[in-house]
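The sequence lines fix the lettering, A, B, ..., with proteins before strands; numbering per chain opens at 1.
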Amino acid sequence: MSETSAVRLDGITKSFGSSVAVDDVTLDIRPGEFFAMLGPSGCGKTTSLRMIAGFADPDSGSVLLGGEDVTYLPPNKRNVNTVFQSYAVFEHLSVADNVAFGLKRRGVPRDERRERVGRMLDLVQLTGMANRRPRTLSGGQRQRVALARALVNRPKVLLLDEPLAALDLKLRRQMQVELKQIQREVGVTFVFVTHDQDEALTMSDRLAVMNGGRVAQVGTPEDVYERPADAFVAGFIGTSNVMTGTYADGRLTLPGGVSLPVPSRLGLAAGSRVGAAVRPEKIWLSDFEDGMVQIRGTLRETVYSGATTTYLVEIAPGVQLSVLEQNIDRSRREERWTGGEIIDLAWKPEHCLLLCETA
Amino acid sequence: MLTREPEVRQDRPTKRRRTRLWSALTLPGTVWMSVFFLSALLLTVALSFGTTDDLGNPHFGSTLANWAQLGEPAYAKVIFRSFVYAGLASVICLLIAYPVAYVIALHGGRYKHALIAAIVVPFFANYLVRMYGWSTVLADDGPVLRAARALGAPPSLTILNTGFGVVAGLVYGFVVFMILPLYAAMERMDVSLIEAGRDLYGGPLRTFLFVTVPSTRQGALAGLVLVFLPATGDFVSAQLLGGPNQIMIGNLIQQKFFDGQNWPLGCALTVLLMALLVVGLSGYLRRSRRDEQEAVR
Amino acid sequence: MRRAFSRRRKPWFAIAVTVAFFGMLYLPIVVVALFSLNSQKSLTVFKGFSLRWYRAFFADHDLIGSLGFSLRISAVAMIGSIVLGVALALGIVRSRGKLGSAAGLVLLIPLITPEIVTGVASAMLFKGVGLPLSSGTVMLAEVTFSISYVTVILRSRVAALNPEVEEAAMDLGCSRFQAVRLVTLPALLPAILASAILIFAMVFDDFVLAYFTTGVTPQPLPVRIYSAIRFGVQPTINAVGTLMLIGSIALIGLALLVPRLFGRRESLSQLL
């Protein structure tokens, strides 16, 4: 490893009773990076975060912060801070005292404390609210208090547990942008847990997609979106058309005998059941180019949604592909297609991904 | 890759022990309650098998004489009377509390909380003073009987020193325990049920019987237990409003401790009271658990 | 929902019962208060206003001594039960061990035990270990009796606390104990104060347990009142009773007010 990871999870496993919450997870999070842990509820992302923060002990494996083993160190001895899902603002303290809490615990002198708190309140746009009581604040403002309270300690890593989940959609969008700006400004490593794939894709530099206590894929948003490692990632991030069939010699045979060229893969035995995925927006309906995979299907449904239209096309018995098209020249299609027509589809070969068939 | 040599592993803190703080916080109170409450109860049970010497000092023993004595008619009658009076008082409390809780919960509007406070506050007035005031009100020359005579009741009508007086005292003392759970149950009740009941059954009385009563049964049951438990053990009401011929089990216990100096017998009475109440209470708990399970289904 | 309902016919019968009930509830208290101001000794005929019974009370050194004793018992019971009860409530809710659940069950027993049983059992314990009944034994018994109340009231409060708040404190550098001291206790403070006041009022008014566990002198005020009304009527008792009533109402009002001072609303039923 060329540089020391800000956070390294080394084969951590954690069970609650008989259920395994985190199953042999290994992750490296780089310094200064905005890292998201994404997955459905119960995938182990929050438990992993809690083990980084020190609220849970792994059953096995180790947690390293900046190269130092902190696996069994209590939370107050780790240089990380957390923004909790419920914000966990101290109701009996003013906004300024909330933010100053950690500095006070560490014996930072009064003047420096006041100065740092003031600067932090400016950063999260709570200037002038220093003496307010938390119960007079809105949800968005409470979240800023939680953020300021954690960041003011200049942690090596800031952990955020679904910090935007409790906000309404508009505020959430606004905070997404703002969090990203703040992260760039302070340069602290952010580890961000979310179940919202949009949020993870928009905000993170890299992300880990988790499923069933394991890491399914780690990469940049583009990696994960364009080259999903398996059927779960392909389905969980964005929408994918996953076609399941039998593989042989670079071709996938779908039910009803329809056969498609797919990327060939070494070591895959002829006759294996595999899936192939194509994103709806990667499928063309006209103006095909040379080298594209072409296939014919029956138009089953047209769904108009303003900027785009989705077509559902059946290419083999029981196999429907959804095709997304920008409504640049909508009237033409409307005149042409009413449903039931036989139409041609095509995609570039590199946009069709062969997925390891998961059980 | 990171090397994981044995030396490195020895260096780092060993697996953190689960915090002992919570157990440490629980311990003192638990020890206190075990010493001053549980062991006291056990001692009482033990002494109910004891004897007294000629000076009236109690001694531990293994005799069943005290328990046998409770079967004698003089005692059995008082024990039986206690349960009858407490039972009557519970039922009367229920009959009073239903309309009161109903009116406050469903027609109290913004005065609801004030009205409930107006019921709870007198309950915090000293119990003895309240009972003493109640006995003045119900006395032969008190306002209630004077009003009754003015309305044509016979001059011989009297409340104090009768069984009715004792029950009236118990009702006055503990009715608040019935109103609070019933009120809470009615608060939780879905008012649209009553609306639906009006459509289905018509009259308000039938609606009350077929809709309100069944959906507040839990609260009523809790109220009955909360009134019955303290009422059975009460001795102030019988003393101030019932006189010497209406004594209850609490008065017997008091006599054995303060006048008669027969502690083992007093302990046997106490244990009997507790045992009978525990039987009743476990019946109630079984019942309410069954109700809950039905509600889940 | 409620709006549509109130347009319905009023349940006149139930309203009549409610009015009669309030009459019954307050009549004895009003009678006591009224006759405490009577200029004559009579408890049935009001002859004119006078404060002579209040003067008689304040001149009675015995009664004043009992009042002071009762206040001391209440203060000791309040402090003792709050210290033990707050610790218990925290421990029971947070520790998922057997000790916690066992303690939780044991604490419910005093609440359903008739007071006379608690009284007899406490007296037996003190006699059994050779502790003569005295001012100390009443205080021990009242602390025991109060612990259950404090714990039951505060348990639901502790359970309602957001566990992330304590974690946040630890995240910001507190040990677990510091987190409890700096964050959890302040969050519980309104409920602790309110239950402290309630316990004070309840212990001050308690008669049965005090009766069974007190020594001969000094006697707590309720025990004195009991002997007084048992052996002949004295109007002074009306004055004492009225003063105690005013005190209790003031305390209950205070208990309800405390949480509002902290900006939190609690309903009466949550406190009881």
Side-chain angles (χ1 to χ4, degrees), chain B residues 19 21-23 25-26 28-30 32-33 36-41 43-44 47 96 99-100 102-103 106-107 113 116-117 119-122 124-130 132-134 136-137 141-142 180 184 191-192 195 204 229-230 232-233 235 240 250 253 257 266-267 270 273-274 277 281, chain C residues 1-2 5 10-11 14-15 17-18 21 25-29 31-32 43-44 84-85 87-88 90-92 94-95 97 99-100 103 106-107 110 112-117 120-125 128 140 144 147 176-177 201 205 207 222 225-226 229 241 244-245 248-249 252 267-269 272:
Chain B
T19 175
L21 180 63
W22 306 130
S23 306
L25 287 174
T26 315
T30 310
W32 181 287
M33 291 310 281
F36 288 104
F37 189 77
L38 285 186
S39 68
L41 281 183
L43 211 63
T44 310
L47 204 61
I96 295 173
V100 173
Y102 183 85
V103 166
L106 299 176
H107 294 270
H113 296 291
I116 283 295
I119 290 174
V120 173
V121 166
F124 272 91
N126 187 279
Y127 180 63
L128 285 170
V129 175
R130 283 194 303 137
Y132 158 73
W134 189 224
T136 345
V137 167
D141 49 359
L180 288 181
V191 180
S192 57
E195 306 261 298
L229 290 180
T232 319
F235 64 93
L240 293 184
I253 295 173
F257 279 95
C267 287
T270 309
L273 173 65
M274 188 70 183
L277 293 180
L281 197 67
Chain C
M1 205 159 73
R2 305 259 149 169
F5 189 69
K10 295 266 183 200
I15 290 175
V17 173
T18 307
F21 167 74
L25 194 62
Y26 278 92
L27 191 58
I29 293 166
V31 165
V32 169
L43 289 174
T44 47
L84 290 168
L88 263 179
L90 280 168
I92 289 175
R94 293 291 162 79
S95 75
L99 179 68
V106 169
L107 281 162
I112 51 151
T113 307
E115 258 197 285
I116 192 166
V117 175
V120 168
S122 305
M124 285 308 96
L125 175 72
L140 284 178
T144 310
I147 289 174
R176 197 172 273 283
F177 181 73
D205 279 329
F207 158 63
I225 294 177
Y226 176 69
I229 51 189
M244 288 176 78
L245 178 69
S248 300
I249 292 175
I252 299 310
S267 74
L268 215 66
S269 46
L272 293 173

Taking every non-hydrogen atom, the tightest pair across [X] and [Y]:
X: B:T26; Y: C:G91; answer: OG1-CA, 3.2 Å
X: C:T18; Y: B:P99; answer: OG1-O, 3.7 Å
X: C:L84; Y: B:G29; answer: CD2-N, 3.9 Å
X: B:L128; Y: C:P222; answer: CD1-O, 3.1 Å
X: B:G133; Y: C:V32; answer: CA-CG2, 3.5 Å
X: B:A125; Y: C:D205; answer: C-OD2, 4.1 Å

Side-chain contact test, heavy atoms from C-beta onward, threshold under 4.5 Å: evaluate it for [X] versus [Y] and give yes or no.
X: C:P114; Y: B:T232; answer: no
X: B:T30; Y: C:L88; answer: yes
X: C:L245; Y: B:V129; answer: no
X: C:I147; Y: B:M33; answer: yes
X: B:L281; Y: C:I112; answer: yes

Say you draw a straight line from [atom1] of [X] to [atom2] of [Y]; how long is it, rounded to the nearest 0.5 Å?
X: B:I253; Y: C:I116; atom1: CD1; atom2: CD1; value: 4.5 Å
X: C:T144; Y: B:W32; atom1: OG1; atom2: CH2; value: 5.5 Å
X: B:L25; Y: C:F177; atom1: CG; atom2: CZ; value: 8.0 Å
X: B:T44; Y: C:M124; atom1: OG1; atom2: CE; value: 6.5 Å

Q | Qualifying residues under salt bridge (charged side-chain N to carboxylate O under 4.0 Å, His left out), relative to B:R130, sequence neighbours excluded | A |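 Partners of B:R130 under the salt bridge (charged side-chain N to carboxylate O under 4.0 Å, His left out) test: none.
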
Could you tell me which of [options] has the largest number of non-hydrogen atom pairs under 4.5 Å with chain B?
options: C:A123, C:G128, C:P110, C:A201; value: C:P110
options: C:L107, C:L140, C:I29, C:I92; value: C:L140
options: C:I249, C:V120, C:I225; value: C:V120
options: C:L25, C:V31, C:L27; value: C:L25

Heavy-atom proximity to chain C below 4.5 Å, by part of [X]:
X: B:L277; answer: side chain
X: B:I96; answer: both
X: B:V137; answer: side chain
X: B:F36; answer: both
X: B:L38; answer: side chain

Q: For each of B:L43, B:T136, B:L47, tally heavy-atom pairs with chain C at distances under 4.5 Å, and name the one with the top tally.
A: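 Between B:L43, B:T136, B:L47, the count favours B:L43.
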
Q: Can you label the angle between the C:F207 ring and the B:F235 ring as parallel, tilted or perpendicular, going by 30° and 60°?
A: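 Tilted, since the angle between the ring planes falls between 30° and 60°.
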
Q: Check each atom of C:F21 against the heavy atoms of chain B and say whether the ones under 4.5 Å are side chain, backbone, both or neither.
A: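 Side chain of C:F21 only, per the 4.5 Å heavy-atom cut-off to chain B.
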
Q) Checking heavy atoms, do the side chain of C:V106, its backbone, both or neither come under 4.5 Å from chain B? A)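 For C:V106, the contact with chain B is made by the side chain alone.
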
**Q.** Flag, side chain of C:S248 to backbone of B:F124, donor-acceptor distance under 3.5 Å
**A.** yes

